Amino acid sequence: MASAPRAPLYLGLDLSTQQLKAVVIDGELRVVHQSGVQFDAELPEFRTQGGVHIHTDRLTVTSPVLMWVKALDLLLDKMKRAGLDFSRVRALSGSGQQHGSVFWRRGASETLKHLDPDQDLHQLLQVCVCVCVCVCVWLNADSGVLLRPQDSFSVSDSPVWMDSSSTQQCEDLQAAAGGALRLAEITGSRAYERFTGNQIAKLRQTRAEEFQDTERISLVSSFAASLFLGGYAAIDYSDGSGMNLLDIRTRNWSEICLQATAPHLDQLLGAPLPSTSVLGPVSSYFVHRYGFSESCSVVAFTGDNPASLAGMRLQPGDVAVSLGTSDTVFLWLQQPRPALEGHVFCNPVEQQEYMALLCFKNGSLTRERVRNECAGASWELFSAALRDTPLGNHGNIGFYFETMEITPPVIGVHRFDSADCEVSSLSPQVEVRAVVEGQFLSRRLHAERLGYSIIPGTRVLATGGASSNKEILQVLSDVFNAPVYTIDLSDSTCLGSAYRALHGLVAESGASFVDVVKKAPEPRLVATPHPKAKEVYDELLKRYVQLEERVVQKSHS
């Protein structure tokens, strides 16, 4: 009697700055396997620090492409030794650090098609590019192509998100688009040095020979997908939104941006595809080397931020606030309003909608400094101060930008009393509430400027270190006038990739992402807004807007 087929599994990967991680889930969304490779520790031959090389100009920051390939070899070998049955994996997807780029050398597509499963990937991509010839030196009898020694990448060190060396190219792109705001309206963001379009323009201008030898340009995400696919994988809409090249409304490359960046760039990028797309079956290399099923589907890979949105299982109207060293706000948007601050991306799980991302440098370290000075370095006393002060803080408002903030670009601490007069100090308890209210008013203001609005059913999902503090979360709930939930976000990008692999199989039939992940553990309700919260903070927000403008003008005068 034939044995019953074993339950299917779904593989999610995350190729981040410092490591490559994998999570495997079953059909009930339970995690059944986790593995990882730390670049610095496990691949010391590449001599990275934090997964990157910082060049002598301190602006150029890159990572070796072959390090990422070798990490995949190590990861899959680890998983195989741990006993993972790859034949049960029905679909896989992944994420990559956003804004990194990979430049494939001419002929690399042939290499990907004819990989020898008896060799490691990094050896195959490092030492051979296939070319069609009549007479050969090394002939692969199965494929009938010549293999000649040569790297498969025209650029061996990939620009990554930490790179800030393309300022001139940013200025050129914004000028071509009609200004920074017009570029944001097209692509979802003003020009940023780390964004791929500006990195491509810089490479074309400064390393013309390598650029001429480039056959295809991938993002880190689509590069990783290409390895599994055995051919060039399309860039997905969501990660493509972080390039300053994609028109986020038409979801096609912007002709204005393409022409300002490089000639024939659309051919080097390929056509973008929906983030839920099934790109094809896994390459025969992985079937023969690791035992993957020939029917295992490769679902489009995306960026780490969109994958986190999937891992957090955001729904329409939700906002996620990560309270860490810096505070990050993720938004699910239906009608975006791109601005000079923040980023709007195409939504990775709902094709017609959007997500937004805002990052604030002054997060937990600022809260800790005020705790140390005003609450005896005690979180208990800090929390007591929040409990003992009223909503709205008697009209006192504070701006605490101890390092240069991103949104708005200001540095300095500014305190205002109820009459909008700037004061040099506040009482300790009032200062504690002022820093927390001020930070959350800022998060709400800039979220609303990108198109966020509170709707029936809106939830605030809180993560990060400060999400363990109930009093801080109560202020968050009051300022946003929405219930706050906490969610365990360990490996959210990997988990989001595994969820997306499962969703990709059923997305074409119309199944929603929300339905696919409904079996996942529900977030925990930790705070609900005070009945007077809306009245208090709607008024306070109006004053905050005016005072922020004063602070910005003062700092730039």
Side-chain angles (χ1 to χ4, degrees), residues 98-99 161-162 164 166-167 170-171 173-175 177-195 197-198 238 241-246 248-249 257 303 305-306 308-309 319-347 354-363 366 397 399-412 414 438-454 479-480 541-557:
Q98 284 205 269
H99 319 302
W161 65 273
M162 296 168 68
S164 56
S166 62
T167 302
C170 289
E171 293 173 359
L173 180 61
Q174 287 182 167
L181 184 57
R182 178 60 188 140
L183 181 65
E185 289 169 350
I186 297 169
T187 71
S189 305
R190 65 173 175 82
Y192 285 88
E193 282 86 352
R194 65 185 182 276
F195 275 38
N198 307 303
S238 198
S241 310
M243 299 174 70
N244 278 145
L245 292 175
L246 189 81
I248 61 170
R249 289 181 173 82
C257 298
N305 291 308
S308 281
L309 179 135
V319 54
V321 182
S322 177
L323 301 169
T325 304
S326 55
D327 288 352
T328 305
V329 177
F330 291 89
L331 308 165
W332 182 301
L333 299 178
Q334 291 166 324
Q335 295 299 326
R337 292 197 300 267
L340 293 178
E341 306 147 346
H343 313 291
V344 175
F345 301 143
C346 297
N347 192 299
Y354 298 87
M355 66 170 284
L357 176 68
L358 286 158
C359 189
F360 303 87
K361 285 185 182 177
N362 293 274
T366 302
I397 294 177
F399 297 80
Y400 297 83
F401 305 131
E402 294 174 352
T403 59
M404 176 60 77
E405 189 49 89
I406 300 170
T407 308
V410 174
I411 191 169
H414 305 270
Q439 288 181 329
F440 293 157
L441 284 165
S442 173
R443 313 306 180 245
R444 177 179 160 183
L445 167 64
H446 294 286
E448 289 181 353
R449 285 181 172 170
L450 286 175
Y452 172 76
S453 59
I454 296 165
V479 170
F480 275 81
L541 189 64
K542 294 175 185 175
R543 288 182 51 219
Y544 187 93
V545 171
Q546 296 170 344
L547 292 173
E548 185 184 85
E549 289 175 0
R550 277 174 58 182
V551 167
V552 171
Q553 289 171 1
K554 180 179 178 181
S555 69
H556 293 166
S557 60

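Predicted, not measured: the structure shown is a model, and the values here were computed from it.
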Answer with yes or no whether the side chains of Glu193 and Thr167 bring together a donor and an acceptor at under 3.5 Å. yes

Atom of Trp161, atom of Gln98 and distance for their closest heavy-atom approach: CB-O, 3.3 Å

Minimal heavy-atom distance between Leu450 and Gly342, with the atoms involved, is CD1-CA, 4.3 Å

Closest non-hydrogen atoms of Val344 and Ser189, given as atom of the first, atom of the second and distance, are N-OG, 4.3 Å

Close side-chain approach of Arg249 to Pro338, heavy-atom, < 4.5 Å: yes

Taking the side chain as C-beta and beyond, is there a heavy-atom pair between Leu309 and Leu357 under 4.5 Å? no

Is there side-chain contact between Phe399 and Val410, with heavy atoms separated by less than 4.5 Å? no

For the residue pair Arg550 and His414, establish whether any side-chain heavy-atom pair is separated by less than 4.5 Å. no

Would you find a donor on one side and an acceptor on the other, under 3.5 Å apart, between the side chain of Tyr452 and the backbone of Ala356? no

Heavy-atom closest pair (Ala191 atom, Asn244 atom, distance to 0.1 Å) is CA-OD1, 3.2 Å

Could you grab the distance from atom CG of Leu358 to atom OG1 of Thr328, nearest 0.5 Å is fine? 9.0 Å

Look at the aromatic rings of Phe345 and His343 and report parallel, tilted or perpendicular, splitting at 30° and 60°. parallel

Would you indicate whether the side-chain heavy atoms of Phe360 and Glu405 approach each other to under 4.5 Å? yes

Residues at least two apart in sequence or cross-chain that pass side-chain hydrogen bond (donor to acceptor under 3.5 Å, both in side chains) with Glu448, listed by chain then number, are Arg444

Step-by-step side-chain contact (heavy atoms from CB on, under 4.5 Å) determination, Cys257 to Leu183: CA-CA 9 Å; Cys257 298; Leu183 181 65; 3.7 Å; yes

How long is the gap from CZ on Phe330 to CG on Asn305, to the nearest 0.5 Å? 4.5 Å

Minimum heavy-atom distance between Gln334 and Tyr354, given as atom pair plus value: O-CD1, 3.9 Å

Side chain to side chain contact (heavy atoms under 4.5 Å, CB included) partners for Glu341, two or more places apart: Thr407, His446, Arg449

Looking at CD of Glu548 and CG of Leu445, how far apart are the two atoms once the value is rounded to the nearest 0.5 Å? 5.5 Å

Between Ser241 and Cys346 (side chain of the first, backbone of the second, donor and acceptor by atom type, cut-off under 3.5 Å), is there such a pair? yes

Neighbour count above 12 (heavy atom, 6.0 Å) for Trp332 CH2: yes

Rounded distance [0.5 Å steps], CE in Met243 versus NE2 in His99: 11.0 Å

With rounding to the nearest 0.5 angstrom, report the CD1 to CG distance, Ile186 to Leu181. 10.0 Å

Flag the pair Thr403 / Asn362 as yes when at least one side-chain heavy-atom distance between them is below 4.5 Å, and no otherwise. yes

Within a strict 4.5 Å, meaning less than it, do heavy atoms of the Gln439 and Tyr400 side chains meet? no

Taking only residues two or more places apart in sequence, or in another chain, which ones meet Tyr544 in a side-chain hydrogen bond (donor to acceptor under 3.5 Å, both in side chains)? none

Starting at CD1 of Ile397, measure out to CG of Leu541 and round the result to the nearest 0.5 Å. 9.0 Å

Looking only at heavy atoms, the pair that brings Ala184 and Arg190 closest together is CB-N, 3.7 Å

